[in-house]
Trainee: 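Please find one structure pasted underneath; my questions will follow.
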Amino acid sequence: MDWTTPLNVQQLDFITRLQELRRCPNSSPLLSHDCPGVWSEQVKIYGDRLLPIRNHCRQRILKSDPILPVRDLWQQYFLEGLAATTVDLIWPHPLRPAEEETDQFYWLEDASGDSETGLRVEVMAVAGKDIAEVPRPVNPNESDLIIWVWVEESLEDAYQDYHPIVLGFLPSDRLGAGDALTLDQLWYGGGLRGYVEANTSRQIRQSQAWLRPLMGSANCAYPLAIAADGKTVASTSYDGSLKLWRLKDPQLQEALGGRSWSTAASTPGSAGQTLSTRDADSIYHCCHSGQGQLLRSLPGLRSGVTAVLLDFPGEQLICGSQGGKIEIWQVESGEKQHSFTAHEGGIRFLAISASGTLFASTASDRQLRVWQWCDRTLTLLFSQLRDGISSITLSPDGSQVGCGFQNGQIEVWSVASGESFYRLKAHSGPVRSLSLSDDGTSLASSSVERTLKLWKTDNGHLDGLHTGHADPLISVSPNADGCWVDVSLFQADPPSWTAR
């Protein structure tokens, strides 16, 4: 899989949310931060941020050809200034102009300020209401990459409040042929910092089979699972094989909060899926990397692994295939415990109870099923036919199973009786992750509109809402010789959470 695939997938997600913003201007489906240097899809420019842009425009006009209309010069320079300021706000280090007489070319540098370790960037400003296409640079070879910024508001001098949006970026050698570019041809802007870092360190060239940690809202290119104790990691590859890794990292164990984690593959047309089984707050406070040793390789599933999960002690590995088969492996011995056909379509998501005796699965056949695993036998306890499932969860005791849907709804059932406890219209976009608390009294959900909501399970009432941050990300990257693995749980304490 091309390492850029998740960037393209994230861009499709961004375009969907951008269209939602056009339909409902009062909604807030875009990622937005007020803190300089923290990634935002949309920034705010007004007041003290706006004044220097206007002053700079006036200085450029004084130096320009007096034959040219001042109004035209003002709109051009002001638009360029807004776009450049937008990139400056999302970049963690001050931008350095590459040319004195323009607001288009800059050096993206690291903290050292050494231009030799940075990239020359051209900032393309896009104005107006229609953004189906974006312009190409006149001389693309003059820069290493291009960033597009859209300003919808009026460029008249009296206007005082701007909300530019980063539409995406592309390396200059990926522009291809043609007169214009569509938005879906761009790479998601959230991958900009990771791309620059990886490009300067040549990490991209070292590993084409794995997605490096390029952005804070993407997932690994292939399914991944981490046991609750933070000591065992299961990773998969394009050929359906599996690898088990052993870590010695107490900080990762603490960050996981005693719950296992798994990610499903990012696929075209979706924004990927991060399945967490933990109340979210404790995860958002960790940013850590560790090293691990390869425990063993497993042959996996020939039709391709589409979902993988470790039980809470990290003793059993459950994996699902494109063909609907589920296999269960014993981690220490590498012995296969079970292999059976669970669904008529590719397995999409897996979830497990804290006790490890029950696990849930869903597949492209629209079936949600809960299985009991006891004394080396498997029993089907619960089955529901549902369209558009985008996430699942099991309560710690296995008594409740919940689903998030593409239409933003959530439904929770009793595993024993099959009775629906409640159905919520929770989000305006697909529900990416669900988590039932240890005592079963609260449910956490997150969605592609970048909101985290907490619900009371006894009555389905909203108990809390947080906005302004992407989902947590766990990524795994083996080094060049494959003998160890970097495990990174991203999300420091977000500086601009807003709660209401």
Side-chain angles (χ1 to χ4, degrees), residues 10-11 13-58 74-95 103-104 106 108 121 123-129 131 134 147-169 183 186 188-193 215-217 428-429 448-452 465-470 492-500:
Q10 288 293 315
Q11 181 70 0
D13 167 38
F14 165 71
I15 293 172
T16 299
R17 291 182 284 108
L18 192 60
Q19 292 169 343
E20 177 66 23
L21 181 65
R22 301 293 299 277
R23 290 191 296 268
C24 303
N26 293 327
S27 64
S28 56
L30 298 185
L31 186 63
S32 179
H33 285 288
D34 293 328
C35 181
V38 178
W39 167 249
S40 293
E41 296 167 346
Q42 183 178 52
V43 303
K44 300 176 183 178
I45 299 178
Y46 60 92
D48 292 341
R49 287 180 179 173
L50 195 58
L51 183 60
I53 301 175
R54 295 190 188 279
N55 291 336
H56 182 58
C57 288
R58 295 186 180 98
W74 173 268
Q75 293 196 354
Q76 175 190 340
Y77 295 160
F78 187 51
L79 179 62
E80 291 176 358
L82 289 171
T85 300
T86 299
V87 176
D88 191 43
L89 289 173
I90 65 170
W91 193 247
H93 310 295
L95 296 184
D103 281 344
Q104 284 186 272
Y106 290 87
L108 293 184
V121 171
V123 180
M124 298 289 292
V126 183
K129 300 293 183 180
I131 54 167
V134 295
I147 305 171
W148 284 266
V149 177
W150 176 40
V151 179
E152 184 180 15
E153 295 87 358
S154 169
L155 298 174
E156 298 298 332
D157 191 36
Y159 203 85
Q160 299 294 323
D161 192 11
Y162 291 90
H163 299 80
I165 297 172
V166 181
L167 296 177
F169 77 102
L183 288 185
L186 306 184
Y188 176 61
L192 176 63
R193 182 175 178 180
M215 68 204 80
S217 56
S428 62
V448 297
E449 84 263 9
R450 277 35 177 191
T451 58
L452 170 70
L465 184 148
H466 299 280
T467 64
H469 215 289
D493 188 14
S496 58
W497 271 104
T498 57
R500 58 180 184 271

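Residue numbers run from 1 in the order of the sequence given.
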Trainee: CH2/W91 to CD1/I147 distance, rounded to the nearest 0.5 angstrom?
Mentor: 7.5 Å
Trainee: Hey, what do you get for CD (Q160) to CG (L51), rounding to the nearest 0.5 Å?
Mentor: 9.5 Å
Trainee: Check the orientation of Y188 and F14. Use parallel for under 30°, tilted for 30 to 60°, and perpendicular for over 60°.
Mentor: tilted
Trainee: V149 versus I165: any side-chain heavy-atom pair under 4.5 Å?
Mentor: no
Trainee: Please report the closest heavy-atom contact between L183 and Q11, naming both atoms and the distance.
Mentor: O-NE2, 3.0 Å
Trainee: Below 4.5 Å, heavy atoms only, C-beta onward: do V121 and V87 meet side chain to side chain?
Mentor: no
Trainee: Quick one: pull up CD1 in I90 and OG1 in T85 and give me the separation to the nearest 0.5 Å.
Mentor: 11.5 Å
Trainee: For a 4.5 angstrom cut-off between non-hydrogen side-chain atoms, does E80 reach H56?
Mentor: no
Trainee: Say you draw a straight line from CG of L108 to CZ of F169; how long is it, rounded to the nearest 0.5 Å?
Mentor: 10.0 Å
Trainee: For a quick test of reading the model, state the closest non-hydrogen atom pair linking K129 to R22 and the distance between them.
Mentor: O-NH2, 2.9 Å
Trainee: Mind listing the closest non-hydrogen atom pair of P164 and I45 along with its distance?
Mentor: CG-CD1, 3.8 Å
Trainee: Is a side-chain donor or acceptor of Y162 paired with a backbone partner of E152 at a separation under 3.5 angstrom?
Mentor: no
Trainee: Determine, stepwise, if the pair R17 / E20 fulfils salt bridge (charged side-chain N to carboxylate O under 4.0 Å, His left out).
Mentor: CA-CA 5 Å; R17 291 182 284 108; E20 177 66 23; over 6 Å; no
Trainee: Do V166 and L192 touch side chain to side chain, with heavy atoms closer than 4.5 Å?
Mentor: no
Trainee: If you take all heavy atoms of L30 and E41, which pair is closest and at what distance?
Mentor: CA-OE1, 3.5 Å
Trainee: Are Q75 and L79 close enough that some pair of their side-chain heavy atoms sits under 4.5 Å apart?
Mentor: no
Trainee: Minimum heavy-atom separation for L95 to D88, with atom names?
Mentor: N-OD1, 3.3 Å
Trainee: Heavy-atom count around D161 CG within 6.0 Å, excluding the residue itself: above 12?
Mentor: yes
Trainee: Indicate the atoms forming the closest heavy-atom contact of T86 with L82, along with that distance.
Mentor: OG1-O, 2.8 Å
Trainee: With under 30° as parallel and over 60° as perpendicular, where do the rings of F78 and W74 fit, or are they tilted in between?
Mentor: parallel
